Structure formats: structure tokens, C-alpha cells
Amino acid sequence: MTEKAPEPHLEEDDEDLDGKLNYKPPPQKSLKELQEMDKDDESLAKYKKTLLGDGPVVADPSAPNVTVTRLTLVCESAPGPITMDLTGDLEALKKETFVLKEGVEYRVKIHFKGLGSTKEDYRLDKATFMVGSYGPRPEEYEFLTPAEEAPKGMLARGTYHNKSFFTDDDKHDHLTWEWNLSIKKEWTE
């Protein structure tokens with residue numbers, strides 16, 4: 001079996017599909033509630049232990065299930081890391097511009113912590129990437145999008161304003177932030 005890269009899809013398709021299926025998600029449960037359910041079912045208890053771990057529940061119930069910590073544009077030819085800290089002042093990111101050389105191949109890496117079981121989507125531009133389902137753990141998770149080529153040519157050069165989202169299937173917005181990407185002929189132009 002080969003591992004297939006995640007395929008981006010347009011957000012509008014998801015909205016139409018949700019309406020057609022008339023899907024209503026079940027009520028959310030805390031991590032402790034999930035661990036306490038079905039204790040007498042040995043098979044299910046083993047499965048939950050694999051997904052959720054067997055440690056005590058230490059998560060603050062008022063804390064978010066997911067904390068997105070940073071986004072990195074991964075590009076081998078970049079003169080240095082292109083990373084934005086998403087734990088600080090998100091308003092300051094609106095004023096900062098990240099530079100990408102035209103025509104280079106790059107990938108987006110998202111770093112996040114899962115404090116509860118979650119299934120996430122990341123949206124950049126009009127493409128949505130299914131990040132996947134993750135159980136709680138203290139270490140950060142990383143998600144890497146498929147490689148893309150930066151636009152090139154005189155007409156593609158310029159500064160683009162981006163609005164990114166990190167949401168779950170219940171349309172709960174874990175983080176929304178705005179940032180600027182400048183496509184230039186050279187890295188140091």
C-alpha cells in the first residue's frame with residue numbers, strides 16, 4: 001500500500017455535502033468522559049487506550065482541544081527559516097510580510113498540540129487540507145502539505161494577503177489568522 005498525499009479541495013463542496021446529508025454531530029464529551037465510557041468492554045477499552053493513552057486526565061476542561069503553535073513555509077532554497085509564531089500577537093502578523101522567491105517549490109508545515117481527540121482541517125487560500133484525527137499528547141504534532149510551486153512571472157510578483165483557518169468537522173474555529181506573502185524575483189530583493 002502506498003501513502004497518498006492529501007488532496008486539497010474547495011470549502012464550498014463541504015458545505016453543500018453537509019447540507020445534503022443533514023449530519024448532526026453528537027454532543028462533545030470531555031477526555032475524562034470518553035475514558036470512563038464502556039469500561040466493561042475489553043476490546044473497546046484497549047482501542048481507547050491506544051488512541052487516548054492510559055495516563056491520567058490532566059487536561060484543563062476549559063482549555064482548547066487544539067493549540068496551533070506555528071506555521072512554517074518549508075523551502076530548501078530559502079536563505080533561512082520562514083516561520084510564523086502563532087502563539088503570540090496575531091495582529092502583528094498582519095503587518096509582517098514573509099518573502100518567497102518566485103517559482104520555488106515549497107510546503108506548508110503546521111505545528112499544533114492536541115489536548116483532546118480531534119480531527120482537523122487547515123485552509124490556505126481556497127484549498128482545504130484534511131489534517132487528520134489525533135489523540136491527546138504533550139508533544140507537538142506536525143502536518144506537512146504536499147509540495148506546491150510558488151507563482152512565477154512578472155504578473156505573479158507582488159504581495160498577497162492570506163487568511164488561514166484551523167477548524168474541525170464541527171466547524172469549530174481553533175485559530176484564524178491573517179498574514180502577508182510577498183512573491184519576489186529574488187529572495188533578498
Side-chain angles (χ1 to χ4, degrees), residues 1-19 64-115 118-134 137 139-189:
M1 188 184 314
T2 60
E3 188 173 312
K4 188 176 177 187
E7 293 287 326
H9 63 280
L10 294 180
E11 185 70 22
E12 291 76 29
D13 296 340
D14 285 346
E15 295 294 331
D16 293 343
L17 187 59
D18 285 349
N65 276 358
V66 177
T67 303
V68 185
T69 58
R70 64 189 183 278
L71 181 138
T72 303
L73 297 176
V74 179
C75 180
E76 291 182 18
S77 63
I82 307 169
T83 301
M84 59 186 80
D85 178 11
L86 300 174
T87 60
D89 182 10
L90 296 179
E91 285 297 315
L93 278 179
K94 288 182 186 180
K95 298 173 188 148
E96 195 170 342
T97 301
F98 300 89
V99 175
L100 200 57
K101 182 180 173 186
E102 67 177 359
V104 297
E105 193 171 273
Y106 72 98
R107 298 171 84 176
V108 176
K109 184 188 286 187
I110 304 161
H111 306 260
F112 61 98
K113 290 183 180 180
L115 303 177
T118 184
K119 181 177 175 212
E120 304 301 329
D121 293 325
Y122 167 69
R123 191 165 85 192
L124 173 66
D125 194 16
K126 291 186 177 156
T128 299
F129 296 95
M130 166 85 72
V131 175
S133 296
Y134 297 87
R137 74 175 192 188
E139 301 85 29
E140 279 190 348
Y141 287 104
E142 292 180 352
F143 175 77
L144 195 61
T145 65
E148 295 185 54
E149 184 178 317
K152 59 184 168 184
M154 189 173 75
L155 294 177
R157 288 183 216 134
T159 301
Y160 297 85
H161 182 76
N162 298 287
K163 188 171 186 177
S164 295
F165 305 87
F166 201 83
T167 61
D168 60 26
D169 281 352
D170 297 329
K171 307 292 183 222
H172 179 262
D173 183 23
H174 293 287
L175 186 67
T176 298
W177 70 99
E178 296 179 43
W179 54 288
N180 297 301
L181 180 66
S182 184
I183 305 295
K184 298 194 174 194
K185 189 171 184 171
E186 297 297 330
W187 286 107
T188 57
E189 195 175 277

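Note that this is a predicted model, so its numbers are computed, not measured. Heads up: numbering here begins at 1 and tracks the sequence.
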Checklist entry - Is the closest basic N to carboxylate O distance between E102 and K185 below 4.0 Å? => result no
Checklist entry - Is it true that E139 and K113 have a side-chain N and a carboxylate O under 4.0 angstrom from each other? => result no
If you round to the nearest 0.5 Å, how far is [atom2] of [Y] from [atom1] of [X]?
X    : Y    : atom1 : atom2 : result
E142 : H111 : CD    : NE2   : 5.0 Å
N180 : Y160 : CG    : OH    : 12.5 Å
T167 : H174 : OG1   : NE2   : 7.5 Å
L100 : K184 : CG    : NZ    : 11.5 Å
Y106 : T145 : OH    : OG1   : 7.5 Å

Taking distance alone, no hydrogens or angles, what donor-acceptor pairs closer than 3.5 Å link side-chain atoms of residues 73-86 to residues at least two apart or in another chain?
unit_1: T83; atom_1: OG1; unit_2: T72; atom_2: OG1; d: 3.3
unit_1: D85; atom_1: OD1; unit_2: T87; atom_2: N; d: 2.9
unit_1: D85; atom_1: OD1; unit_2: T87; atom_2: OG1; d: 2.6
unit_1: D85; atom_1: OD2; unit_2: T87; atom_2: OG1; d: 3.3

With side chains defined as the heavy atoms from C-beta onward, is the minimum distance between [X] and [Y] less than 4.5 Å?
X    : Y    : result
K101 : E186 : yes
V66  : F166 : yes
V108 : L144 : no
L71  : F98  : no

So, for [X] and [Y], which heavy atoms are closest and what is the spacing to 0.1 Å?
X    : Y    : value
W179 : S164 : NE1-OG, 3.0 Å
L90  : W177 : CD2-CB, 4.2 Å
W187 : V104 : CZ2-CG1, 4.1 Å
S182 : T97  : CB-CG2, 3.5 Å
K152 : G103 : CB-N, 3.7 Å

Item to check | Set of residues satisfying side chain to side chain donor-acceptor pair (under 3.5 Å) with respect to K94, sequence neighbours excluded | outcome: E91
Checklist entry - Who are the salt bridge (Lys or Arg N to Asp or Glu O under 4.0 Å) partners of E105, not counting sequence neighbours? => result none
Next on the checklist: Could you check whether F143 and F112 have their ring centres less than 6.0 Å apart?
Outcome noted: no
Checklist entry - Stepwise, does the salt bridge (Lys or Arg N to Asp or Glu O under 4.0 Å) test hold for E148 with R107? => result CA-CA 6 Å; E148 295 185 54; R107 298 171 84 176; over 6 Å; no
